[in-house]
Amino acid sequence: MGLRETKKQQTRTAIADTALPLFLAHGFDRVTVAEVARHAGVSTNTVFNNFPTKEDLFFDRQDEVERHLAALVDPLPPGACCPAAAVRDDLCAALRRADPAIGLAPGSAAFFRTVEASPTLRAREREIGERAEAALAAALAPRSPDAPLLAGALTGLHRATLRELRRRVLAGDPPPAVAADLTAAATRAFAPLCTCPER
């Protein structure tokens, strides 16, 4: 990455890191882009140059999330016998290590509450899920004539597991118990789609 790209990425990260605490403290719908710009020490135009919409500021890693499942199966990792195994093993590994990206880190409840309180964020979250499913279907298409159906099943199980994780985190359940319970539940739920043992 060149100097210009590095500086642009640093600016983008600094803006997103400034925005999230404001959204969590005051609610997504009550914080303006101008306020984020002021706190980040940049112009409103600079914010919009890096984040086309306010929702992009909140979900600043949405591109990575949308590509994640597709990247698991294209190509299949060594030892994975099928796409379902690749998705299952990645999900269970993330649960076991309490990966912050899935919502088992301190502060995750505040993030989830902010999403739940905003119809705009809930709508964007659904769009991200739909794009992740489409990307997975495209990755599966060369090897499976049933790619759209398989992608729907895999993303549905993945999404349902994370939805239950959110419910339990918001209920105040201890993260280690949530992780253990959902690892077991996800393993059972994926079984009809893949008989390979978990790695």
Side-chain angles (χ1 to χ4, degrees), residues 1-72 90-91 94-95 97-139 155-156 158-173 175 178-179:
M1 197 184 296
L3 180 60
R4 182 173 178 164
E5 275 304 307
T6 299
K7 293 190 80 168
K8 184 174 181 181
Q9 186 58 48
Q10 288 171 340
T11 299
R12 180 181 165 83
T13 300
I15 293 169
D17 288 349
T18 298
L20 186 59
L22 292 171
F23 292 142
L24 298 185
H26 305 290
F28 177 79
D29 298 320
R30 295 177 62 188
V31 175
T32 67
V33 173
E35 287 177 276
V36 172
R38 187 170 66 253
H39 280 84
V42 298
S43 70
T44 302
N45 281 344
T46 298
V47 175
F48 280 122
N49 286 340
N50 286 276
F51 300 94
T53 70
K54 188 173 147 187
E55 298 93 282
D56 295 324
L57 257 176
F58 188 86
F59 291 118
D60 64 300
R61 294 176 55 225
Q62 69 184 37
D63 290 344
E64 181 183 328
V65 171
E66 290 169 11
R67 292 191 305 264
H68 181 72
L69 296 181
L72 294 176
D90 179 77
L91 176 59
L95 288 163
R97 69 176 179 268
D99 191 333
I102 63 170
L104 284 175
S108 293
F111 183 91
F112 291 150
R113 279 193 293 271
T114 303
V115 174
E116 293 293 323
S118 170
T120 304
L121 291 180
R122 292 199 309 274
R124 173 56 68 89
E125 192 174 48
R126 284 191 297 274
E127 291 172 13
I128 292 169
E130 289 167 1
R131 288 195 286 267
E133 183 175 334
L136 179 58
T155 55
H158 192 273
R159 198 162 40 240
T161 304
L162 297 185
R163 191 166 50 242
E164 179 62 7
L165 181 149
R166 176 182 299 189
R167 184 191 70 76
R168 295 207 34 197
V169 166
L170 287 173
D173 292 354
V178 174

Please check if the side chain of Arg12 supplies one atom and the backbone of Asp60 the other of a donor-acceptor pair under 3.5 Å. yes
Flag side-chain contact, heavy atom, 4.5 Å: Leu136 against Leu72: no
Quick check for you: to the nearest 0.5 Å, what is the distance between Arg126 atom CZ and Ile128 atom CD1? 11.5 Å
Can you find a pair of side-chain heavy atoms, one from Asp29 and one from Pro119, that are under 4.5 Å apart? yes
Thr155 OG1 to Leu162 CG distance, which is reported to the nearest 0.5 Å: 11.0 Å
Mind checking the CD-CD spacing from Glu130 to Glu66? Nearest 0.5 Å is all I need. 10.5 Å
Is the number of heavy atoms from other residues, nucleotides or ligands within 6.0 Å of CZ (Arg122) greater than 12? yes
Nearest 0.5 Å, what's the CZ-CD distance between Arg67 and Gln62? 10.5 Å
Smallest separation among heavy atoms of Ile102 and Phe112, with atom names: O-CZ, 4.0 Å
Which pair of non-hydrogen atoms, one from Glu164 and one from Arg167, has the smallest distance, and what is that distance? OE2-NH2, 2.7 Å
Please check if the distance between the ring centroids of Phe59 and Phe51 is under 6.0 Å. no
Salt bridge or not between Arg124 and Asp56? Use side-chain N to carboxylate O under 4.0 Å. yes
Close side-chain approach of Leu69 and Glu133, heavy atoms under 4.5 Å: no
How about CZ on Arg30, more than 12 heavy atoms from neighbouring residues, nucleotides or ligands closer than 6.0 Å, or not? no
Quick check against the 3.5 Å criterion: does Glu35 have a side-chain atom that pairs as donor or acceptor with the backbone of Thr32? yes
Would you indicate whether the side-chain heavy atoms of Leu165 and Leu95 approach each other to under 4.5 Å? yes
So which heavy atom on Val36 is nearest to which on Thr18, and how close? O-CG2, 4.1 Å
His68 side chain to Glu64 backbone, donor-acceptor under 3.5 Å: no
Locate the shortest heavy-atom distance separating Leu121 from Thr114; write the atom from each residue and the value. CD1-O, 3.9 Å
Are the side chains of Ile15 and Thr46 in contact, using a 4.5 Å heavy-atom criterion? yes
Answer yes or no: is there a side-chain heavy-atom contact under 4.5 Å between Glu125 and Phe58? no
Do Arg113 and Glu116 pass the salt bridge (charged side-chain N to carboxylate O under 4.0 Å, His left out) test, and can you show the C-alpha distance, the side-chain angles, and the key distance before you say yes or no? CA-CA 5 Å; Arg113 279 193 293 271; Glu116 293 293 323; over 6 Å; no
Check Arg159 against Gly129 and note the closest heavy-atom contact, atom names and distance. NH1-O, 3.7 Å
Without swapping roles, check the side chain of Ser108 against the backbone of Ala105 for a donor-acceptor pair under 3.5 Å. yes
Nearest-0.5 Å distance, NZ of residue Lys8 to OG1 of residue Thr6: 12.0 Å
Given Thr120 and Lys54, is the side chain to side chain contact (heavy atoms under 4.5 Å, CB included) satisfied, shown in steps? CA-CA 10 Å; Thr120 304; Lys54 188 173 147 187; over 6 Å; no
For Leu104 against Ala179, the heavy-atom pair lying closest together: CD1-CB, 4.0 Å
